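One structure is given here, and the rest of the page talks about it.
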Amino acid sequence: MAHLEKRIRGTLERLGFEIHPFKVGWYNAVLPSTFHLPYSDNTLAFLVLSIPAMFDKAFKPFLKNQLLEKIHDPVDQCVFHHLSLVRESLADQRMDIMYDYEMLPNRKPRFLAQTAAHVAGAAYYYQRKDVQQDPWGEKKIYGVCIHPCYGGWFAIRALLIFPDVEVPFLQQNLPIDCVRTEGEKIELLDKFNFHWRDWSYRDVIEVKEKYSEEQKMYFATPPAERLKLLGLQGGLQRNTMH
């Protein structure tokens, strides 16, 4: 496993991605069978997430070399591009990739991203059950992952699964419970569920780095208008050679 992890890290970390190894069995153990990944419990998988640096280190360079008119979602295509390069670099290994935006025919996601982040130890998945004095009554409350270094300023992008690699002795790293008090957890879930547009839930803890103003503007812009926005940004002009 160590050589695989080293090769993947060598490709992705310099581009603003993190990877976290886990066993498929850890994920399946906490979910109903309808959400299980179809692999043996000891199968090796890696969670891939992007941190704030990805925007400048991977996304903007990617845009400069693409025909933007043909890109449905530029960030998804950027992630797909770089993970395809990982696949090429590991041509001697069988590797399945599941992206966070992919859906099954029954309209369920291919994997539950926040659950995967939690079992991989990447980010703590805060849910209603983490609050002792529930203040929400009949309201539907969605959970949210918080990264110990980046708070909410990150995104879960994909799983890399190696069906032929089993790691029975891999030790599980538990996620860091960085939103420590009851009041902070209630505040986090309140902000995420009812005020998510103002970004404030992302700053529930002190963070090492957050999205730049340019990056926040990009993600706050409706998807249909993002390419136009990027076309107006200095340094992000379309490559007229294509």
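Each residue takes its place number in the sequence, starting with 1. Note that the structure is predicted; figures quoted are calculated from it, not measured. Below, all heavy atoms of this structure are taken into account, side chains as well, without hydrogens, waters or symmetry copies.
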Task: Arg94 NZ/CZ over Phe162 ring centroid, <6.0 Å and within 45° of normal - done: no

Only one of Arg7, His3, Arg9 passes side chain to side chain donor-acceptor pair (under 3.5 Å) with Glu5, and that residue is Arg9

Does this structure show an ion pair linking Arg110 with Asp96, if we count only N-O contacts that are shorter than 4.0 Å?
no

Interatomic distance, CG@Leu170 vs OG1@Thr43, rounded to 0.5 Å, equals 12.0 Å

**Short side-chain donor-acceptor distance under 3.5 Å, Asp203 and Trp153** = yes

| Lys185/Glu182 ion pair, N-O < 4.0 Å | no

Value for CD (Glu138) from CD1 (Ile141), rounded to nearest 0.5 Å, stands at 11.5 Å

Examine Leu31 and Tyr142 and state if one hydrophobic cluster contains both, with Ile, Leu, Val, Met, Phe, Trp and Tyr joined whenever side-chain heavy atoms are less than 4.5 Å apart.
yes

Do Met98 and Tyr125 share a hydrophobic cluster, counting only Ile, Leu, Val, Met, Phe, Trp and Tyr and linking them when any side-chain heavy atoms are less than 4.5 Å apart?
no

| said: Is any side-chain heavy atom of Lys60 closer than 4.5 Å to one of Glu214? | reply: yes

Q) Within a strict 4.5 Å, meaning less than it, do heavy atoms of the Leu47 and Arg157 side chains meet? A) no

Minimal heavy-atom distance between Ala45 and Val24, with the atoms involved, is CB-CG2, 4.3 Å

Closer than 4.0 angstrom, basic N to acidic O: yes or no for Glu13 and Lys57? no

Query raised in the report: Is the ring centre of Phe59 less than 6.0 Å from the ring centre of Tyr218?
Result: yes

Inset, instruction - For this output row, return yes or no: ring centroids of Tyr99 and Phe80 closer than 6.0 angstrom. - result: yes

Could you please spell out the steps behind the side chain to side chain contact (heavy atoms under 4.5 Å, CB included) verdict for Leu188 and Val144? CA-CA 8 Å; Leu188 168 64; Val144 60; 3.9 Å; yes

With Lys139 as the cation and Phe194 as the aromatic partner, state whether NZ or CZ is under 6.0 Å from the six-membered ring centre and within 45° of the axis.
yes

Check your understanding: Can any side-chain N or O of Gln172 pair as donor or acceptor with the backbone N or O of Val119 at less than 3.5 Å?
Key -> yes

Discussion item. I want to check a possible cation-pi pair here: Lys108 against Phe35, using under 6.0 Å from ring centre and within 45° of the ring axis as the test.
Written reply: yes

One should read off an interatomic distance between Ile97 CD1 and Ser84 OG, to the nearest 0.5 angstrom, of 5.5 Å

**Prompt:** Considering only heavy atoms from C-beta outward, does the side chain of Tyr126 approach that of Cys145 to under 4.5 Å?
**Reply:** no

Minimal heavy-atom distance between Ile205 and Cys178, with the atoms involved, is CG2-O, 3.5 Å

| field | Verdict with supporting geometry, Leu12 and Leu83, side chain to side chain contact (heavy atoms under 4.5 Å, CB included) | value | CA-CA 8 Å; Leu12 293 180; Leu83 295 190; 3.7 Å; yes

>> Centroid separation under 6.0 Å, is that true for the rings of Tyr211 and Phe55?
In response: no

> For residues Asp198 and Ser200, is any side-chain donor paired with an opposing acceptor at under 3.5 Å?
Replying inline: yes

Over 12 non-hydrogen atoms of neighbours within 6.0 angstrom of CZ in Phe219 | yes

inquiry  = Counting C-beta onward and ignoring hydrogens, is there a side-chain heavy-atom pair between Ile51 and Glu18 closer than 4.5 Å?
reply    = yes

Notebook entry, point to check: Under 30°, 30 to 60°, or over 60°: which ring-plane class applies to Phe22 and Tyr27, parallel, tilted or perpendicular?
Noted result: tilted

Is it the case that over 12 heavy atoms from other parts of the model lie below 6.0 angstrom from the CD1 atom of Ile176? no

Rounding to 0.5 Å, atoms CG (Asn193) and NZ (Lys140) come to a distance of 9.5 Å

query: Considering only heavy atoms from C-beta outward, does the side chain of Ile186 approach that of Pro135 to under 4.5 Å?
result: yes

Notebook entry, point to check: Mind checking whether Phe46 and His20 have ring centres under 6.0 Å apart?
Noted result: no

Original post:
Could Glu187 and Lys191 be called an ion pair, given the rule that one side-chain N must be under 4.0 Å from one carboxylate O?
Top reply: yes

Heavy-atom nearest pair, Asn28 first then His36, reads O-NE2, 2.8 Å

I want to check something: taking the side chain as every heavy atom from C-beta on, are Arg128 and Asp134 in contact at a cut-off of under 4.5 Å?
yes

In terms of heavy-atom contacts, Pro52 and Glu209 come closest through CG-O, 3.7 Å

| Should Lys23 and Val167 count as side-chain neighbours, where that means a heavy-atom distance under 4.5 Å? | yes

Taking every heavy atom of Leu15 against every heavy atom of Ala58, the minimum-distance pair comes out as O-CB, 3.5 Å

Distance col, row Ile156:CD1 vs Phe154:CZ, nearest 0.5 angstrom, shows 5.0 Å

Report task. State, without any angle test, whether Tyr201 and Asp190 hold a side-chain donor-acceptor pair at a distance under 3.5 Å. Result -> no

Rounded to the nearest 0.5 Å, the OG1 atom of Thr11 sits from the CD atom of Glu88 at a distance of 10.5 Å

- Do Leu44 and Pro21 have side chains that get closer than 4.5 Å, going by heavy atoms? yes

Of all heavy-atom pairs linking Gly143 and Leu189, the shortest is CA-CD2, 4.2 Å

Check: Thr221/Arg226 side-chain N/O donor and acceptor closer than 3.5 Å:
no

Are Val30 and Ile161 co-members of a hydrophobic cluster defined by side-chain heavy atoms under 4.5 Å apart? yes

| query | Could you go step by step and tell me if Val48 and Val86 meet the side chain to side chain contact (heavy atoms under 4.5 Å, CB included) rule? | reply | CA-CA 12 Å; Val48 179; Val86 170; over 6 Å; no

If you apply the rule side chain to side chain contact (heavy atoms under 4.5 Å, CB included), what do you find for Gln77 with Asp73, and how did you get there? CA-CA 6 Å; Gln77 289 294 319; Asp73 184 289; 5.7 Å; no

